[in-house]
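Start at 1 with the first residue, then count along the sequence. Computed from a prediction, not measured in an experiment: that's the story for all the values here.
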Amino acid sequence: MPKRFSTVRGREFGDGLRAAIAATGMTSRKVAALVGWQEAKLSDLVNGKGGATELELALLLGVCRTPAGERDHLLSLFTGTGVKGWWQEHGTCAPISPRTLVEHERLAEKLFSWQTMLLHGTLQTPDYTRAVITACANVPGDEVDARVEARAQRQEALRGGMKAVFFVPEAVLLDGVGGAEVMREQLRHLDSLAARPSIVIRIVPLGVGAHAGMAGSFDMLTFDRYDDVVFLESENSSLIIEAPEAVKAYARIVEGLELVALDAEQSKELIKKSLT
């Protein structure tokens with residue numbers, strides 16, 4: 001199936017606007033009528049075809065009684081819906097639930113992940129997550145429980161049909177996050193996940209030397225209908241890469257990691273060995 005032109009911002013805008021309309025409990029025809037539009041104009045706006053001004057969008061969101069925070073977010077996305085690439089600044093620390101990443105994990109056909117310092121969020125047990133979040137320098141203490149729950153909810157993507165390949169440094173298995181018992185439970189969980197046909201875990205062993213993944217962590221998501229996307233996460237910002245040549249550069253890093261990582265069966269054996 002040919003890929004259709006779409007951007008990360010455009011998809012988030014469209015999904016958010018659909019949700020705002022649905023929250024009214026009215027049909028799209030009724031909502032359109034309330035702002036003096038034809039239903040086709042509303043459909044075009046939701047589906048990324050434009051046809052409305054920023055002022056008209058603000059009027060629509062007012063009619064929908066969209067909460068102020070979401071209203072401002074959708075207005076901020078509106079003028080950039082056709083632009084590929086997105087640097088999101090989060091302030092002091094990342095949001096409790098990284099909306100853009102979570103939505104794209106839900107839509108993705110396949111995930112390729114390389115995390116250099118810890119296990120990917122969708123692989124973590126709640127206790128492992130709690131230990132990681134508690135150690136963060138900028139996360140407020142009263143947000144810890146909500147962040148643990150939000151990260152656990154991201155694991156729904158692994159149960160929703162998305163295939164995933166996780167490249168994991170062997171050092172992460174030995175790191176002792178949360179203490180011996182928490183880490184043991186995490187390794188048991190990892191062993192269980194590795195048995196699923198849709199999940200491949202490949203360990204990059206200690207002593208492998210210089211390799212393609214040394215520049216840093218990333219998630220590359222591929223889609224049936226959309227172009228591939230790369231997510232880079234830092235303490236208080238996120239970079240979403242959509243430019244085709246830049247994404248291909250990360251695909252080459254995946255190929256390089258495949259050359260040095262243990263295969264799936266060898267990795268399962270190493271995880272089991274770490275449990276003994």
Query raised in the report: Is there a side chain to side chain contact (heavy atoms under 4.5 Å, CB included) between Glu143 and Cys136 once you walk through the steps?
Result: CA-CA 11 Å; Glu143 289 185 2; Cys136 289; over 6 Å; no

Close side-chain approach of [X] to [Y], heavy-atom, < 4.5 Å:
| X | Y | value |
| --- | --- | --- |
| Arg196 | Leu158 | yes |
| Ile203 | Gln266 | no |
| Ile201 | Val165 | no |
| Met220 | Leu111 | no |
| Pro169 | Val172 | yes |
| Met26 | Leu34 | yes |
| Thr92 | Glu235 | no |
| Asp72 | Ser76 | no |

I'd like to know if [X] pairs up with [Y] as an ion pair, taking the criterion as any Lys NZ or Arg NE/NH1/NH2 lying under 4.0 Å from an Asp or Glu carboxylate oxygen.
| X | Y | value |
| --- | --- | --- |
| Glu103 | Arg106 | yes |
| Asp263 | Arg202 | no |
| Arg252 | Glu255 | no |
| Lys41 | Glu56 | yes |
| Asp15 | Arg18 | yes |
| Glu156 | Arg151 | no |

Please list all pairs meeting ring-ring contact (aromatic ring centres under 6.0 Å, His included) that have one or both residues in [range], counting only residues at least two apart or in different chains.
| range | answer |
| --- | --- |
| residues 115-158 | His120-Phe166 |
| residues 242-276 | Phe218-Tyr250 |
| residues 175-200 | none |

Any idea which heavy atoms bring [X] and [Y] closest together, and the distance?
| X | Y | value |
| --- | --- | --- |
| Asn236 | Gly91 | CB-O, 2.9 Å |
| Ala264 | Val200 | CB-CG1, 4.0 Å |
| Gly178 | Ala131 | CA-CB, 3.6 Å |
| Leu257 | Ala212 | N-CB, 4.4 Å |
| Thr79 | Glu54 | CG2-OE1, 4.1 Å |

_Set out, in order, the CA-CA distance, both residues' side-chain angles and the distance that settles side-chain hydrogen bond (donor to acceptor under 3.5 Å, both in side chains) for Thr125 and Glu185, then state yes or no._
CA-CA 8 Å; Thr125 65; Glu185 180 58 30; over 6 Å; no

Quick note, side-chain hydrogen bond (donor to acceptor under 3.5 Å, both in side chains) partners involving residues 22-32, not counting sequence neighbours, are Ser28-Glu39, Arg29-Glu39

Compute whether any side-chain donor of one residue and acceptor of the other, for [X] and [Y], lie under 3.5 angstrom apart.
| X | Y | result |
| --- | --- | --- |
| Glu12 | Thr100 | yes |
| Thr122 | Gln155 | no |
| Ser6 | Arg11 | yes |
| Thr222 | Glu109 | no |

With no hydrogens and no angle check, is any side-chain donor or acceptor of [X] less than 3.5 Å from a backbone partner on [Y]?
| X | Y | value |
| --- | --- | --- |
| Glu105 | Ala157 | no |
| Thr7 | Lys84 | no |
| Ser274 | Leu173 | no |
| Glu89 | Ser237 | no |
| Gln124 | Leu119 | yes |
| Ser43 | Ala40 | no |
| Ser113 | Asp219 | no |

Under a side-chain separation threshold of 4.5 Å, the hydrophobic residues clustered together with Ile133 are Val139, Val144, Val148

Members sharing Val83's hydrophobic cluster, built from side-chain contacts under 4.5 Å between Ile, Leu, Val, Met, Phe, Trp and Tyr, are none

Quiz item: Are Phe167 and Val254 close enough, and set up right, to give a side chain to side chain contact (heavy atoms under 4.5 Å, CB included), and what steps lead you there?
Solution: CA-CA 9 Å; Phe167 294 97; Val254 170; 4.1 Å; yes

*Just say parallel, tilted or perpendicular for the rings of His104 and Phe223, cut-offs at 30° and 60°.*
perpendicular

Using side chain to side chain contact (heavy atoms under 4.5 Å, CB included), reason through Val229 and Ile241 one step at a time and then give a plain yes or no. CA-CA 6 Å; Val229 175; Ile241 299 172; over 6 Å; no

Exactly one candidate in Leu77, Leu45, Asn47 meets side-chain contact (heavy atoms from CB on, under 4.5 Å) with Leu17; the answer is Leu45

